[in-house]
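Here is the structure we will look at, set down as structure tokens.
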Amino acid sequence: MPDIRTRFAPSPTGDPHVGNIRTALFTWLFARRHGGKFILRIEDTDQAREVEGSVDAIKESLRWLGLDWDEGPEVGGEYGPYFQSERLDHYQSAAEQLIDSGHAFRFEDERGSALKFAMPNDGSTVVSDVIRGKVEFDNSLIDDFVILKSDGFPTYHLASVVDDHFMRISHVIRGEGWLSSAPRHVLLYDAFGWDPPGFVHVPDILASGGGKLSKRHGAVSVNEYRQLGYLPHALVNFLALLGWSYDDKTELFTSEELIESFSLERVSKSGAIFNLEKLDWMNGHYIRESGDAELTDALLDYWCRYPATELPPEPDRSILLQVVPLIRERLKTLADAAERVPFFFNDDFDYEPDQLIQRKMDGAGTLRALSEAVKVVEAIEPFDGATLESKLRSLVDELDIKVGQLLGTLRVATSGLKVSPPLFESLEILGRERVVRDLNRAIHKLDSTPQ
RNA sequence: GGCGCAUUCGUCUAGCGGCCUAGGACACCGCCCUCUCAAGGCGGAGAUCACGGGUUCGAAUCCCGUAUGCGCUACCA
């Protein structure tokens with residue numbers, strides 16, 4: 001194979017959509033797989049649709065997912081510039097070449113003077129697509145199309161062909177929506193006398209109904225998924241499997257494995273519905289796989305970027321490091337952590353007194369359990385999870401109640417939660433002083449409640 | 001309307017003529033484990049391979065129609 005050079009060429013029209021980023025991922029994977037170059041090019045030829053900040057959002061999304069580019073904005077490269085708005089002279093001279101060779105003609109209307117490509121009125125054009133094979137189009141069915149707009153900017157057709165040629169792109173990998181306009185592109189290559197690149201039209205990512213993925217279906221951009229607490233690698237792995245598969249069973253891949261395994265031949269032909277439940281599962285899997293320090297820092301970074309109201313502005317890292325093993329397997333996203341850990345950092349939580357009273361218990365019994373528990377906790381030595389467990393289990397026997405009854409009460413008293421991380425380990429982290437205080441507060445709350 | 005692409009469990013997919021009484025994963029259900037919630041283990045249910053014709057000894061796999069979905073048919077990409 002010749003030098004592999006691929007490109008991701010988004011228009012700066014907003015926060016990049018997961019569908020486009022999935023295409024970028026395939027494009028990147030293909031380049032990396034073959035030791036080629038991955039180029040980022042910004043297609044800003046429609047000033048009206050341009051959205052402020054989009055280029056930063058695009059770079060940020062790619063960077064977060066680890067899709068590094070070899071040429072493009074910031075890194076430069078020998079085939080720049082990489083913004084189409086800075087390459088108008090290329091399109092201009094290419095257009096002139098087409099006029100000279102009789103392939104293009106001026107066209108006037110209310111908007112001014114534009115340039116159109118003259119379609120042949122007979123014959124057909126074959127597009128050779130890597131995953132769909134040869135697709136034939138009847139030339140007479142395609143109208144002459146604008147290549148240079150009256151504002152002096154090129155249309156996508158001209159700009160992408162000219163850039164792909166001069167940037168030595170070997171494979172044009174893009175969404176399947178472009179297949180229908182691909183014959184125009186091969187005709188342009190012909191008219192210029194250039195060899196066309198390989199065309200690869202990859203399937204779309206769809207919303208649950210099978211339609212376009214849009215805001216009404218929830219998150220659509222990579223940045224939104226980041227904000228929802230998904231890990232970059234979980235998104236990468238999940239997106240890689242939307243429209244591509246390695247075999248009949250492998251689903252979990254490291255980035256290195258993805259690069260080693262990726263091939264365009266195994267990209268599917270039909271659109272894939274974005275299955276959020278599976279992303280959740282995969283994200284949970286990668287959270288479970290991460291080490292204590294790794295997860296701790298991921299959470300800290302996440303909260304720093306998207307502050308959680310229920311947590312202190314700068315949660316204590318050493319506490320979180322101890323908490324992480326207790327919550328790791330309970331998280332689907334980083335966002336899930338905020339609701340289960342606040343009590344480790346603050347004791348200002350509140351709850352209704354009757355939440356202390358467990359099933360088939362009454363106020364008096366709960367009060368007795370609580371005050372006995374205080375005695376145990378005050379005396380226990382050492383104050384650690386294992387000792388707490390054995391002493392409190394003995395207390396359960398002495399009180400002749402159920403384990404769940406005692407622990408449920410203690411859980412609410414020390415965390416304010418009905419569902420919390422494992423109790424004994426949590427108590428150890430909280431420390432004796434704090435636990436005694438929480439239990440006494442619970443006793444007081446119950447005591448002052450009219451039965 | 002015309003042209004193009006697509007069509008396997010709810011979803012992502014394996015399958016590229018006999019290995020398929022169609023495999024895996026997520027979700028779902030049940031059991032086990034268990035201090036809540038999870039995680040984990042085990043098991044279950046779930047697809048007449050869109051439909052109809054062919055070709056073949058034999059088709060989810062090849063061919064032709066039909067239906068449905070999507071895309072193009074813009075001085076948007």
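Computed from a predicted structure; not experimentally measured. Lettering follows sequence order; numbering is per chain, from 1.
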Option among A/Trp244, A/Phe30, A/Trp28 that satisfies the ring-ring contact (aromatic ring centres under 6.0 Å, His included) test with A/Phe262: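 Exactly one pass, corresponding to A/Trp244.
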
Is the phosphate of [N] approached by [X] (side-chain N or O, under 4.0 Å from OP1 or OP2)?
| X | N | value |
| --- | --- | --- |
| A/Lys278 | B/U13 | no |
| A/Lys249 | B/U13 | no |
| A/Ser180 | B/U73 | no |

A/Pro183 versus A/Thr125, closest heavy-atom pair with distance: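 Looking at all heavy atoms of both residues, the closest pair is O-CG2, 3.8 Å.
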
Can you name the closest pair of heavy atoms from A/Leu188 and A/His157 and give their distance?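 Heavy atoms of A/Leu188 and A/His157 come nearest at CD1-O, 3.6 Å.
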
Quick one: look up who [N] pairs with, Watson-Crick or G-U, both distances under 3.5 Å, and put none if it's unpaired.
| N | answer |
| --- | --- |
| B/U55 | none |
| B/U36 | none |
| B/G10 | B/C26 |
| B/C72 | B/G2 |
| B/C16 | none |
| B/C49 | none |

Does a side-chain heavy-atom distance below 4.5 Å link A/Ser270 with A/Pro203?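 No, their side chains stay 4.5 Å or more apart.
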
Heavy-atom distance under 4.5 Å between the side chains of A/Met167 and A/Tyr82, does that happen here?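 Yes - at least one pair of side-chain heavy atoms lies under 4.5 Å apart.
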
Please name all residues satisfying salt bridge (charged side-chain N to carboxylate O under 4.0 Å, His left out) with A/Lys402, sequence neighbours left out, ordered by chain then number.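 Partners of A/Lys402 under the salt bridge (charged side-chain N to carboxylate O under 4.0 Å, His left out) test: none.
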
Quick one: list whatever passes salt bridge (charged side-chain N to carboxylate O under 4.0 Å, His left out) with A/Asp336, sequence neighbours left out.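 Residues passing salt bridge (charged side-chain N to carboxylate O under 4.0 Å, His left out) with A/Asp336: none at all.
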
Interatomic spacing from CG in A/Asp46 to OG1 in A/Thr13 - rounded to 0.5 Å: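 Rounded to the nearest 0.5 Å, the CG-OG1 separation comes out at 9.0 Å.
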
Base, sugar-phosphate, or nothing for [X], non-hydrogen atoms under 4.0 angstrom?
| X | answer |
| --- | --- |
| A/Gly112 | base |
| A/Lys212 | sugar-phosphate |
| A/Arg184 | sugar-phosphate |
| A/Gly177 | sugar-phosphate |

Can you give one letter per nucleotide of nucleotides 61-68 of chain B, 5' to 3': B if a protein heavy atom sits under 4.0 Å from the base, S if only from the sugar-phosphate, - if neither? --------

How does each nucleotide of nucleotides 36-45 of chain B score, in 5' to 3' order, for protein heavy atoms under 4.0 Å: base (B), sugar-phosphate only (S), or none (-)? BBBSS-----

First encountered from the 5' end of RNA chain B, between A/Gly271 and A/Glu425: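 By nearest-heavy-atom nucleotide position, the 5'-most residue is A/Gly271.
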
Given RNA chain B, 5'-ward residue of the pair A/Ile131 and A/Pro203, judged by closest heavy atom: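 Result of the comparison: A/Ile131.
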
Measure from NZ or CZ of A/Lys116 to the centre of the six-membered ring of A/Phe107, then state whether that distance is under 6.0 Å and the direction lies within 45° of the axis.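 Geometry flag: set, cation within 6.0 Å and 45°.
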
Mark yes or no: A/Arg288 above the aromatic ring of A/Tyr286, with NZ or CZ under 6.0 Å from the six-membered ring centre and no more than 45 degrees from the axis.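 Output no; distance or angle outside limits.
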
Which one, [options], comes nearest to the side chain of [X]?
| X | options | result |
| --- | --- | --- |
| A/Asp248 | B/C76, B/G23, B/C75 | B/G23 |
| A/Ile273 | B/C12, B/G4, B/A77 | B/C12 |
| A/Asp143 | B/C5, B/A77, B/U73 | B/U73 |
| A/Ala272 | B/C76, B/C70, B/C12 | B/C12 |
| A/Ser245 | B/C12, B/C76, B/A14 | B/A14 |
| A/Ser150 | B/C72, B/C70, B/C75 | B/C75 |
| A/Arg132 | B/A6, B/C75, B/C76 | B/A6 |
| A/Asn275 | B/C75, B/A77, B/C26 | B/C26 |
| A/Glu277 | B/A27, B/A14, B/C12 | B/A27 |
| A/Ser270 | B/C35, B/A14, B/A6 | B/A6 |

Between [Y] and [X], does any NZ, NE, NH1 or NH2 come within less than 4.0 Å of an OD or OE carboxylate oxygen?
| X | Y | answer |
| --- | --- | --- |
| A/Lys278 | A/Glu251 | yes |
| A/Glu372 | A/Lys375 | yes |
| A/Glu176 | A/Lys269 | no |
| A/Arg393 | A/Glu389 | yes |

Report yes or no: do A/Arg106 and A/Ser113 form a side-chain donor-acceptor pair below 3.5 Å?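 Distance-only check passes for A/Arg106 and A/Ser113.
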
[atom1] spacing across the pair [N] / [M], given as an integer number of angstrom:
| N | M | atom1 | value |
| --- | --- | --- | --- |
| B/C70 | B/U8 | P | 15 Å |
| B/A38 | B/G4 | C1' | 49 Å |
| B/U61 | B/G52 | P | 13 Å |
| B/U7 | B/C63 | P | 12 Å |

Near RNA chain B, which residues from residues 11-29 of chain A have a heavy atom under 4.0 Å away?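 Close to the strand are A/Ser11.
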
Can you pull out the residues from residues 259-268 of chain A that lie within a 4.0 Å heavy-atom distance of RNA chain B?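 Residues of residues 259-268 of chain A under 4.0 Å from RNA chain B: A/Arg266, A/Ser268.
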
More than 12 non-hydrogen atoms from neighbouring residues, nucleotides or ligands closer than 6.0 Å to CD on A/Glu310, yes or no?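 Yes, enclosed.
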
